[in-house]
Amino acid sequence: IREEIYKDFPWLEKIESMTLDIVFNHLKTIHDVKLAFLRYMRNMLEVIKKYELHHKDGIVKKTCQYVMDHVEENITLEDVANEVHVSKSYIGKLFKQKAGYNFTDYVTKVKMEHAKALLRTGDYKNYEVSERLGYSSPDYFCRLFKQYSGCTPLEFRKQGS
């Protein structure tokens, strides 16, 4: 299932691979396998909802896809507008109408979820994550991260979340 989803959404693997991991080889009973599978499917549905992948509207879906594909870049509404060939004001209004929040909030959400995945690896310092996500100021990144997740990147790392 994971492989099929990653075929359609290859960017999802680098952002959510830690969340979607499941280990079947340590399960002893068929009941344990069933529970693990159901938990896995629930996680997949949460990911689909989190990244607005359930939208049938082509423009919203392409907008989400663009953000995911360029998560480690500075993303503007103008960039997306050029990619999907409509005005940035139209995308902004449509995105707000369909997703329930504005484009900038969506970009921040995707970047912060990617930051969590990078922090979980333990391979990056805060300033490296900040740079990698296109933020020029590590302090700004840390403030955004705390606002989004309720803890600083350092606290997040210590929690092992």
Side-chain angles (χ1 to χ4, degrees), residues 1-22 40-154 156-157 161:
I1 292 170
R2 179 177 35 210
E3 288 173 13
E4 288 301 313
I5 288 171
Y6 289 159
K7 277 185 199 173
D8 288 339
F9 305 104
W11 45 264
L12 194 55
E13 184 170 15
K14 73 179 177 184
I15 293 177
E16 286 291 334
S17 62
M18 302 296 254
T19 306
L20 301 178
D21 282 345
I22 188 168
Y40 179 76
M41 293 309 294
R42 227 177 320 208
N43 287 345
M44 292 298 279
L45 289 173
E46 287 174 20
V47 167
I48 288 167
K49 289 177 191 172
K50 181 181 355 179
Y51 294 110
E52 302 296 331
L53 301 175
H54 58 280
H55 285 287
K56 300 209 186 311
D57 186 290
I59 293 173
V60 173
K61 199 169 194 169
K62 285 180 186 175
T63 299
C64 294
Q65 180 77 45
Y66 182 88
V67 171
M68 297 298 226
D69 289 342
H70 299 87
V71 68
E72 293 187 0
E73 299 170 20
N74 185 20
I75 303 167
T76 66
L77 194 53
E78 190 168 339
D79 295 332
V80 176
N82 290 335
E83 183 72 21
V84 297
H85 309 293
V86 295
S87 75
K88 64 183 188 177
S89 62
Y90 178 71
I91 289 177
K93 288 177 190 170
L94 182 67
F95 197 87
K96 173 88 172 166
Q97 179 186 20
K98 299 285 184 175
Y101 46 87
N102 68 38
F103 174 76
T104 306
D105 292 341
Y106 179 73
V107 171
T108 300
K109 175 182 178 175
V110 171
K111 285 184 178 271
M112 293 302 108
E113 289 297 327
H114 189 52
K116 286 179 179 181
L118 293 173
L119 291 168
R120 273 187 205 106
T121 68
D123 295 340
Y124 304 98
K125 295 180 178 2
N126 291 350
Y127 78 89
E128 292 172 319
V129 174
S130 174
E131 286 175 4
R132 197 164 169 165
L133 295 177
Y135 294 111
S136 57
S137 165
D139 291 336
Y140 177 67
F141 162 71
C142 289
R143 276 195 311 274
L144 264 181
F145 190 89
K146 181 166 184 163
Q147 188 176 28
Y148 178 78
S149 65
C151 60
T152 66
L154 183 59
F156 181 82
R157 207 184 312 257
S161 296

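Every value quoted in this text rests on a predicted model; they were computed, and no experiment measured them. These values consider heavy atoms only, across backbone and side chains, with no hydrogens, waters or symmetry-generated copies.
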* **Nearest atoms (heavy-atom pairs only) where Glu128 meets Asp123** => OE1-O, 4.0 Å
* Start with the C-alpha gap between Arg132 and Leu118, add the side-chain angles, then the distance that decides, and say whether side chain to side chain contact (heavy atoms under 4.5 Å, CB included) holds. => CA-CA 10 Å; Arg132 197 164 169 165; Leu118 293 173; 4.0 Å; yes
* Criterion side chain to side chain contact (heavy atoms under 4.5 Å, CB included) on Tyr66 and Val84, from CA distance to verdict -> CA-CA 9 Å; Tyr66 182 88; Val84 297; over 6 Å; no
* Asked: Angle class for the Tyr106/Tyr101 ring planes (parallel below 30°, perpendicular above 60°, tilted otherwise)?
  -> parallel
* Residue of the set Lys116, Lys111, Glu113 for which side-chain hydrogen bond (donor to acceptor under 3.5 Å, both in side chains) holds with Tyr148 -> Glu113
* Asked: In Å and rounded to the nearest 0.5 Å, what is the CG to NZ distance from Leu154 to Lys146?
  -> 11.0 Å
* **Between CG on residue Leu77 and CG on residue Asn102, distance to nearest 0.5 Å** => 9.5 Å
* **Closest contact, heavy atoms only, Thr63 versus Phe103** => CG2-CE1, 3.6 Å
* Where Leu133 and His114 come nearest, the two heavy atoms and their spacing -> CD2-CD2, 3.3 Å
* Do Pro153 and Phe141 come within less than 4.5 Å of each other through their side chains, counting heavy atoms only? -> yes
* Structure fact -> CD (Gln65) and NE2 (His70) are apart, to the nearest 0.5 Å, by 9.5 Å
* To do: Show the numbers, then the answer: is there a side chain to side chain contact (heavy atoms under 4.5 Å, CB included) between Asn126 and Arg157?
  => CA-CA 10 Å; Asn126 291 350; Arg157 207 184 312 257; 2.6 Å; yes
* Structure fact -> Heavy-atom nearest pair, Ile59 first then Ile91, reads CG2-CG1, 4.2 Å
* Structure fact -> Tightest non-hydrogen contact, residues Tyr135 and Thr108, listed as OH-CA, 4.5 Å
* Decide yes or no on side chain to side chain contact (heavy atoms under 4.5 Å, CB included) for Cys64 and Phe95, but give the supporting numbers first. => CA-CA 9 Å; Cys64 294; Phe95 197 87; 3.8 Å; yes
* Structure fact -> In this structure, CD of Glu83 is separated from NZ of Lys62 (nearest 0.5 Å) by 9.0 Å
* **Where Ser137 and Ser130 come nearest, the two heavy atoms and their spacing** => O-OG, 3.5 Å
